[in-house]
Amino acid sequence: MALGFSGKSVTFGPILKRDFYARPTVEVARALLGKVLVHGPAAGIIVETEAYLGSEDLAAHSARGLTPRTRVIFGPPGHAYVYFIYGMYECFNLVAEPDGHPGAVLVRALEPAAGLDLMWQRRPAARKLEDLTSGPGKLTLALAITRAQDGADVTRGSLVVRQPVERRAIEIQTGPRVGISQSTDWPLRFSIKGNPFVSRA
DNA sequence: GGTAGGATGGGCT
DNA sequence: GCCCATCCTACCC
């Protein structure tokens, strides 16, 4: 069973190629809404993203420069940046911008689209469908994305982003990012307006 | 309906 | 030693 934006079934189209990611981070963050994140048998439609810029964005991990943890953000686009947070959770990003230029898009929420049984098993704390993947730590649990995928090429392999077969018109809601303490006023959070799987209205 | 507080460990100063 | 790009539970309307 697969859900669409309005409950209709959705199948998956071609994998997004590297040039999709090789452009300004904000463009990538907006363009990812409605695309399908697939990891093995589990998949979800991306409904909420945040852009983290390389320069002057003090909320971005890359603001402190290239370190062992942040090296992937400075590398070629179309790769996964996965980091460990609050001692318990992992967050999944897609690297944007040309090689050598930092920039990453945090995927904050998905609409479950495939592998629902697996997701329920991996998310025993979830009480209802809207709880399964409506947050950055929730969706990595549901899709079994861990630091083992840090640096993975998302244009090939088992962790990829696909075009939905049916393109639909969506309205993008823009606002400040969540859970940060610096650069808090920048409008770098994007979501599909009205989608019930967004982490916060 | 709402929120305060705790869990838990890696990264960097 | 402090700061986290978070989530869940308990408890209170």
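- Look at H61(A) and you won't find any side-chain N or O under 4.0 angstrom from OP1 or OP2 of dG11(B).
- The main-chain N or O of T70(A) is found under 3.5 Å from a side-chain atom of T67(A) such that the two form a donor-acceptor pair.
- Remark: C1' of dT6(C) and CZ of R177(A) are 16 Å apart, rounded to the nearest angstrom.
- Going from atom CZ of R200(A) over to atom P of dT6(C) covers 7 Å, rounded to whole Å.
- Computed from coordinates, the Q182(A) CD to dC12(B) P distance equals 15 Å when rounded to whole Å.
- Among the protein residues, A59(A) comes within range of the nucleic acid bases, having at least one heavy atom under 4.0 Å from a base atom.
- For the contact set between residues 84-98 of chain A and DNA chain B, defined by any heavy atom under 4.0 Å, the members are F84(A), Y86(A), G87(A), M88(A).
- The base-pairing partner of dT8(B), taking Watson-Crick or G-U wobble contacts with both distances under 3.5 Å, does not exist among the strands shown.
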From CA spacing to verdict: salt bridge (Lys or Arg N to Asp or Glu O under 4.0 Å), R189(A), E48(A) = CA-CA 7 Å; R189(A) 175 172 175 256; E48(A) 180 183 351; 2.8 Å; yes
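- Per the geometry, CD belonging to E48(A) stands 16 Å off P belonging to dA5(C), to the nearest Å.
- In this structure, OH of Y83(A) is placed 12 Å from P of dC4(C), rounded to the nearest angstrom.
- Between the side chain of R162(A) and the main chain of V38(A), no donor-acceptor pair closer than 3.5 Å is present.
- The minimum heavy-atom distance between D57(A) and A63(A), with the atom names listed, is O-CB, 3.3 Å.
- For the pair R108(A) and F92(A), the cation does not sit on the ring face, since its NZ or CZ is not both under 6.0 Å from the ring centre and inside 45° of the axis.
- Geometrically, R23(A) engages F20(A) in a cation-pi contact defined by less than 6.0 Å to the ring centre and at most 45° from the axis.
- Of the listed nucleotides (dG11(B), dG10(B), dA5(C)), dG10(B) has the atom at the smallest distance from the side chain of R147(A).
- R123(A) comes within 4.0 angstrom of sugar-phosphate atoms only, judged by non-hydrogen atoms across all strands, and of no base.
- Among the protein residues, I180(A) comes within range of the sugar-phosphate backbone only, with heavy atoms under 4.0 Å from sugar or phosphate atoms but none that close to a base.
- Between A125(A) and A60(A), the residue anchored closer to the 5' end of DNA chain C is A60(A), taking for each the nucleotide with the nearest heavy atom.
- Along DNA chain C, the nucleotide nearest to V178(A) and the one nearest to R127(A) differ in position, and the one closer to the 5' end is contacted by V178(A).
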Determine, step by step, whether W120(A) and L132(A) satisfy the side-chain contact (heavy atoms from CB on, under 4.5 Å) criterion, reporting the C-alpha distance in whole Å, the side-chain angles of both residues, the deciding distance to 0.1 Å, and the verdict.
-> CA-CA 7 Å; W120(A) 283 113; L132(A) 263 188; 3.9 Å; yes
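- Side-chain nitrogen and oxygen atoms of T67(A) include at least one within less than 4.0 Å of the OP1 or OP2 phosphate oxygen of dC12(B).
- For the pair R71(A) CZ and dC12(B) P, the computed distance is 12 Å after rounding to whole Å.
- Listed in residue order, the members of residues 130-138 of chain A having a heavy atom less than 4.0 Å from DNA chain C are G135(A), P136(A), G137(A), K138(A).
- The minimum heavy-atom distance linking D131(A) with A126(A) is given by the pair CB-CB, 3.9 Å.
- Atom CZ of R108(A) is separated from atom C1' of dC7(C) by 11 Å (rounded to the nearest Å).
- Of the possible polar contacts, none joining the E90(A) side chain to the I145(A) backbone as a donor-acceptor pair under 3.5 Å is found.
- Pairing of dG2(B), defined by two Watson-Crick or G-U wobble distances under 3.5 Å, is identified with dC11(C).
- Distance R64(A) CZ to dC3(C) P: 13 Å, rounded to the nearest Å.
- Looking at T25(A) and E97(A), their side chains do bring a donor and an acceptor atom within 3.5 Å of each other.
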